[in-house]
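Only one structure is covered here, and it is reproduced in the block below.
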Amino acid sequence: MINCKEATQLISQGQERTLTLAERLALKLHFLICAGCRASERQFEFLRAAARRIGSPEP
Amino acid sequence: MTPDEIQAALADMRPQMLRFARLQLRSEAAAEDAVQEALLAAHTSADKFTGASSVKTWVFSILKNKIIDELRRRVREGNVMDFAAAEDEMKDLDDLFDQRGHWAAPPMAWADPEAALDNQQFWVVFEACLDGVPPKHGRIFMMREILGLETEEICKELAISPSNCWVLLHRARLGLRECLTQRWFGEQQ
């Protein structure tokens, strides 16, 4: 079972590369029992969306 | 667009461009130079523009390239922090997890993050957070997400391994989510 530190590492790396099947499975299992990491995943996605908006300012 | 309209549109954009460049270059002079060069390039291609929005998109993409050029130049001249030796700075983030690697204080969901994107004040806080995380984390996050470079490209530019790059991005994201939680979203109980 992976811990939260490892789970957030995988969430972050998932934004950089395709995770392996084993990694995706480990993350899914972890999410089942960890609301904190589920929240982190959404927040990492939000960080990306927000940063991209700075990078391409809307006219 | 007439030359006067383009002139006016570019003048309008200047403060926003300067803020954007300053955030990433950390130098007033370098930011001024990058903006000046981007504006100059825009003047010489004025015939391409069909409206203010196309000017803006175009000028910002030029500006991004100027910023990337400047960051590359700094790396070439060795005028850059040592990204490979980032380990020391990571201790503070270890406070986020206990010895077993579990959250010391598990994150709670943010309230309506989408609404924040339309709030001017949020962007001030977001920039302050980018400024507030350790510089190595902030710089690499901005190269990746604001300038839109691929991880591979960043590794090459900074002469670090992909795994080192991933570690820095992970730290950056943890730091930014912590900062935004504290300074903007609060924790929903």
Side-chain angles (χ1 to χ4, degrees), chain A, chain B residues 13 16-17 19-20 23-24 51-57 60-61 64 93-94 96-98 100-110 113-114 116-117 122-123 126-127 129-130 141-142 144-148 150-152 162-163 165-167 169-174 176-178 180-181 185:
Chain A
M1 201 64 183
I2 59 173
N3 62 33
C4 301
K5 203 170 174 177
E6 291 161 335
T8 59
Q9 252 161 30
L10 286 180
I11 298 167
S12 181
Q13 287 187 25
Q15 293 190 328
E16 308 308 323
R17 65 178 174 90
T18 311
L19 299 181
T20 65
L21 188 60
E23 286 169 336
R24 272 178 287 157
L25 208 63
L27 204 50
K28 255 199 177 116
L29 283 174
H30 184 86
F31 283 155
L32 286 176
I33 56 156
C34 184
C37 286
R38 288 201 300 273
S40 291
E41 185 188 40
R42 285 194 299 277
Q43 290 162 1
F44 282 8
E45 283 164 4
F46 174 81
L47 289 175
R48 168 161 283 185
R52 293 206 166 156
R53 198 178 281 210
I54 296 185
S56 353
E58 276 168 32
Chain B
M13 271 174 244
Q16 199 189 352
M17 292 169 72
R19 249 187 45 214
F20 181 75
L23 181 67
Q24 294 172 86
S53 67
S54 84
V55 181
K56 190 163 192 174
T57 309
F60 266 87
S61 76
K64 268 198 261 185
L93 275 176
D94 286 339
L96 294 177
F97 301 97
D98 65 21
R100 282 156 55 236
H102 295 292
W103 290 106
M108 303 286 192
W110 287 339
E114 292 303 314
L117 298 175
F122 169 77
W123 295 104
F126 192 66
E127 286 184 16
C129 285
L130 283 169
F141 181 84
M142 288 194 274
R144 177 73 184 100
E145 306 290 21
I146 297 181
L147 297 174
E150 292 300 326
T151 317
E152 274 176 24
S163 65
C165 194
W166 290 335
V167 167
L169 283 167
H170 177 222
R171 302 292 166 156
R173 289 174 177 131
L174 286 172
L176 288 170
R177 76 147 293 284
E178 189 68 18
L180 287 180
T181 297
F185 291 106

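Everything quoted here is computed from the prediction, not taken from an experiment. Just so we're on the same page: letters track the sequence lines, and every chain starts at 1.
In terms of non-hydrogen atom pairs under 4.5 Å with chain A, the most contact-rich of B/Leu117, B/Thr151, B/Leu169 is B/Leu117. Across B/Phe122, B/Trp166, B/Trp123, the residue that shares the most heavy-atom pairs under 4.5 angstrom with chain A is B/Trp166. The greatest number of non-hydrogen atom pairs below 4.5 Å with chain B, out of A/Glu6, A/Arg42, A/Gln15, is found for A/Gln15. In terms of heavy-atom pairs under 4.5 angstrom with chain B, the leader among A/Gly36, A/Ala35, A/Cys34 is A/Gly36. Among B/Gly148, B/Cys165, B/Pro113, the residue making the largest number of heavy-atom pairs under 4.5 Å with chain A is B/Pro113.
Within the model, atoms CZ of B/Arg173 and CD of A/Glu45 stand 10.5 Å from one another, a figure rounded to the nearest 0.5 Å. Taken from CG in B/Leu174 to OG in A/Ser12, the straight-line distance is 7.5 Å, to the nearest 0.5 Å. Taking CD1 of A/Ile54 as the reference point, atom CD of B/Gln24 lies at 8.0 Å (rounded to 0.5 Å). Here the CD atom belonging to A/Glu16 is positioned 8.5 Å from the CD atom belonging to B/Glu150, to the nearest 0.5 angstrom. Within the model, atoms CD of A/Gln13 and OG of B/Ser163 stand 8.5 Å from one another, a figure rounded to the nearest 0.5 Å.
Shortest non-hydrogen contact noted between B/Trp103 and A/Ser40 is CZ2-OG, 3.1 Å. Taking both residues in full, the closest heavy atoms of B/Ile146 and A/Ala51 are given as CG1-O, 3.6 Å, listed atom of the first, atom of the second, then distance. Between B/Arg100 and A/Asn3, the closest heavy-atom pair is O-ND2, 3.0 Å.
Residue B/Leu147: no heavy atom, backbone or side chain, is found under 4.5 Å from chain A. Looking at A/Arg17, only its side chain comes within 4.5 Å of chain B, counting heavy atoms on both sides.
Between A/Gln43 and B/Phe185, the closest side-chain pair of non-hydrogen atoms is not below 4.5 Å. B/Leu180 places a side-chain heavy atom less than 4.5 Å from the side chain of A/Leu47.
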Begin with the C-alpha distance, continue with both residues' side-chain angles, and end with the deciding distance and a verdict on side-chain contact (heavy atoms from CB on, under 4.5 Å) for B/Leu176 and A/Phe44. CA-CA 9 Å; B/Leu176 288 170; A/Phe44 282 8; over 6 Å; no
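A donor-acceptor distance shorter than 3.5 angstrom exists from the side chain of B/His170 to the backbone of A/Gln9, with no hydrogens or angles considered.
Counting heavy atoms of neighbouring residues, nucleotides and ligands inside a 6.0 Å radius, atom CZ of A/Arg38 exceeds 12 of them.
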